[in-house]
Amino acid sequence: MRKPFIAGNWKMNKSVAETRDYITAFLPLVKGAEAEIALCVPYTNLYAAAEMLKGTNVILGAQNIAWANKGAFTGEISAPMLLDAGASCVIIGHSERREMFGDTDRTVNMRLDAALKNGLTPILCVGETERERAQYKTKAVIKKQIIAAFENISAADAVKVIVAYEPIWAIGTGRTATPDDAELTCAYIRKRIGAKYSETAGAAIRILYGGSMNPQNAQDLMLRSNIDGGLIGGASLIPEDFVKVVKYNGV
Ligand code: PGA
């Protein structure tokens, strides 16, 4: 059984004080929720958030990670640093990092490896552009991204990865993939993992949908058999909204 996983991606939003206010409001709302919940906050908010989330049902994540553990990498933050600050998961290969900050399939693979070696749960993002979709290249793009990201990753580690299918044209646009489309691509990702590792690995790995997921469309998406959760940007910024996604089925 794959436990639903709902992660908020705050992107570059919120001060430390805003983070504290958010968590104070959010924790009572999600107490006893069925889904596993993560908040992926900016680096500067990790430590303050970790202190408040200790011993709760909400885990803490970051939004990127260095591929090295330490050294001359100005501006980077490593896996041991994230663990030290209280994070247990990390988003890797988000399309905004691929598009604006030079992440490639190769660096995504290196970051994924660093997360796994250090015991952080990676949330690996893949997804096609609008143009690639119009050219019917979605599957080819996803296949390439998945093969590259999982290169030299063992089967034991692969099942610890959470994959987020995020069609780039749906991110922050209010245009969600239809549940049918999202389901098809998530099923395809599962098939690729199954083909590379084993059917058991394919059946075990958790796959999320991301891209304008919100309280209105969450349930329809989550009801699909290959969608195990969501990576939510805009709709995760207000506790009263995000809880409606977390409790998409009322619990
Ligand atoms: P969105 O962002 O929910 O605002 O579309 C999702 C993401 O980029 O992870």
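Start at 1 and go down the list; that is how both ligands and their atoms are numbered.
With hydrogens and angles left out, the side-chain atoms of Glu183 and Ser225 include a donor and acceptor closer than 3.5 Å. Using modelled atom types, one finds no donor on one side chain facing an acceptor on the other under 3.5 Å when comparing Trp67 with Glu76.
Listed here is the closest heavy atom pair of Ile171 and Ser95: CD1-OG, 3.3 Å.
Protein residues are said to neighbour a ligand when one of their heavy atoms lies under 4.0 Å from it; for ligand 1 these are Asn9, Lys11, His94, Glu166, Ala170, Ile171, Gly172, Gly211, Ser212, Leu231, Ile232, Gly233, Gly234.
Salt-bridge check for Lys3 with Asp228: failed, with every basic side-chain N at 4.0 Å or more from each acidic carboxylate O.
Residues Thr104 and Arg98 form no side-chain contact, since every pair of their non-hydrogen atoms from C-beta on lies 4.5 Å or further apart. Looking only at side-chain heavy atoms (C-beta outward), Ile142 and Thr185 come within less than 4.5 Å of each other.
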